[in-house]
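Data first, discussion second: the structure below is written as structure tokens.
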Number of protein chains: 2
Amino acid sequence: MNLTEAKKQFIQTWGTLGSEWGINRTMAQVHALLLISPNALCTEDIMEQLNVSRGNANMNLRELMNWTLISKELVPGDRKEYFVAEKDIWEIARIIARERKRREIEPVLKVLNGLKEVEGDQSDKELKAFTETVNNLSNFVGKMDKSVDMMLKADENWFFGTILKMIK
Amino acid sequence: MNLTEAKKQFIQTWGTLGSEWGINRTMAQVHALLLISPNALCTEDIMEQLNVSRGNANMNLRELMNWTLISKELVPGDRKEYFVAEKDIWEIARIIARERKRREIEPVLKVLNGLKEVEGDQSDKELKAFTETVNNLSNFVGKMDKSVDMMLKADENWFFGTILKMIK
DNA sequence: TTAAACTTTCAATCATTTCTGAAAGTTTAT
DNA sequence: ATAAACTTTCAGAAATGATTGAAAGTTTAA
């Protein structure tokens, strides 16, 4: 396979994965494009290579900046803004884990903890089933949350080293 | 808060989380409803409680069956089909991990491994950046895959015990 | 200043996904 | 056999999410 075809496939695959994960397809594609680009790209480059509009490119670049997955790079003597992606995969994984924790795990944990305080007759079958599920879930999601915290502080080799050793 | 309100909030929260994870909102809501229900529910019950059409209820029940998150339960002397959810949270987590691994991780890994074989001049900056990213990613995704395998075989207490011990 | 270069916004449009509900299909009891 | 009870399907409608592109906004250089 040649490079052009391979790039196309990589960008397409990353885009699909993104949308399966609730991330805008174009955002994932822009990220993919920057990930494999040896130098910084400007908005025009991205519009061209991905065939998207200026507005779309701008919005998704901004969102990637929000996630801190990419950053601006100034090219001396050029007024345009250029963008580069963080290339370290472990760092990328940590950024994604951090963002998803913040946006998904934490709010759910909050709701679940609130729901523990539902009041009523504890001999009611309905209520019993409800509180039991909520307690179990809140316990589980709490552990997940702590696990992510741990991962956020960890070094890659140590993390996978320990995890993968568990299987032996 | 009373039970009715709490149930509503639980179902709504679970639905939102689902759609952030690329899972159909109604599917997640049906799952939530069955999770907190002490007894099996039939299609009618679900249509009523979630205000969805018969077609929608049917399709999402089927999909939950596919995931093996719920199962049919026959009530003697009744022709209707009733559904119950798996209640064990660790088991649920494993089912979800298994499905997502199969649908998301494995296909991506396959593509990434294919992309390692891109041919061309290795002194080309573009190609070098591409292969480096692909190799790093494939390495990382491979480790994630193995970690999920490990989790699928593990016992909950041991798994979180080990993970959470790492933080100390 | 001012005008060129560049970035951002947002109403309208387009694309995709989800949902509806009536009709077709299936099963069961008699 | 048949009709009632129940389940599944699927074409079209609705809802949601993504994208466009032109206009407004901002920055910079001279």
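In this text, all values refer to a predicted model and were calculated from it rather than measured experimentally. So that the names make sense, note that chain A is the first sequence line, chain B the second, and so on, each numbered from 1. Excluded from the calculations below are hydrogen atoms, water molecules and symmetry mates; all remaining heavy atoms, backbone and side chain alike, are included.
You'll find that the side chain of B:Asn58 is closest to D:dT9, out of D:dT19, D:dT9, C:dC19. The B:Glu81 side chain lies nearest to D:dT8 when the options are D:dT28, C:dT28, D:dT8. For A:Asp78, counting side-chain heavy atoms from C-beta on, the closest listed nucleotide (C:dC6, D:dT8, D:dT20) is C:dC6. Which of C:dC19, D:dC6, D:dT19 sits closest to the side chain of B:Lys80 comes down to D:dC6. Checked against C:dC19, C:dA29, C:dA4, the side chain of B:Arg79 finds its nearest nucleotide in C:dA29. Among the nucleotides C:dC19, D:dC6, D:dT8, the one closest to any side-chain atom of B:Arg62 is D:dT8. Nearest nucleotide to the B:Thr43 side chain, out of D:dT19, C:dC19, D:dT7: D:dT7.
Look at CG on B:Asn24: it is 14 Å from C1' on C:dT20, rounded to the nearest Å. With rounding to whole Å, A:Asp45 atom CG is found 14 Å from C:dC6 atom C1'. Atom-to-atom, CD of B:Glu20 to P of C:dT17 comes out at 18 Å; the value is rounded to the nearest Å. Atom-to-atom, CD of A:Glu63 to P of C:dT8 comes out at 14 Å; the value is rounded to the nearest Å. Distance B:Ile46 CD1 to D:dT7 C1': 13 Å, rounded to the nearest Å. Atom CD1 of B:Ile23 is separated from atom P of C:dT17 by 15 Å (rounded to the nearest Å). Counting to the nearest Å, the P atom of C:dT20 and the CZ atom of B:Arg25 are 12 Å from each other. If you measure from atom CE of B:Met65 to atom C1' of D:dT8, you get 14 Å, rounded to the nearest angstrom.
Using modelled atom types and a 3.5 Å distance limit, the side chains of A:Asn135 and A:Asn139 yield no donor-acceptor pair. For B:Arg62 and B:Asn66, the side-chain atoms include no donor-acceptor pair closer than 3.5 Å.
Side-chain N/O atoms of A:Arg54 and base N/O atoms of D:dT20 include no donor-acceptor pair closer than 3.5 Å.
Along DNA chain D, the nucleotide closest to B:Phe83 and the one closest to B:Ser19 are compared, and the more 5′ of them pairs with B:Phe83.
Electrostatic pairing of A:Lys87 and B:Glu132 does not count as a salt bridge here, judged by no charged N lying under 4.0 Å from a carboxylate O. Between A:Glu44 and A:Lys80 no salt bridge is recorded (no basic side-chain N to carboxylate O distance below 4.0 Å).
Between B:Gln29 and B:Gly15, the shortest heavy-atom distance links the atoms CG-CA, 3.8 Å.
Here A:Thr26 reaches the OP1 or OP2 of D:dT19: one of its side-chain N or O atoms lies under 4.0 Å away.
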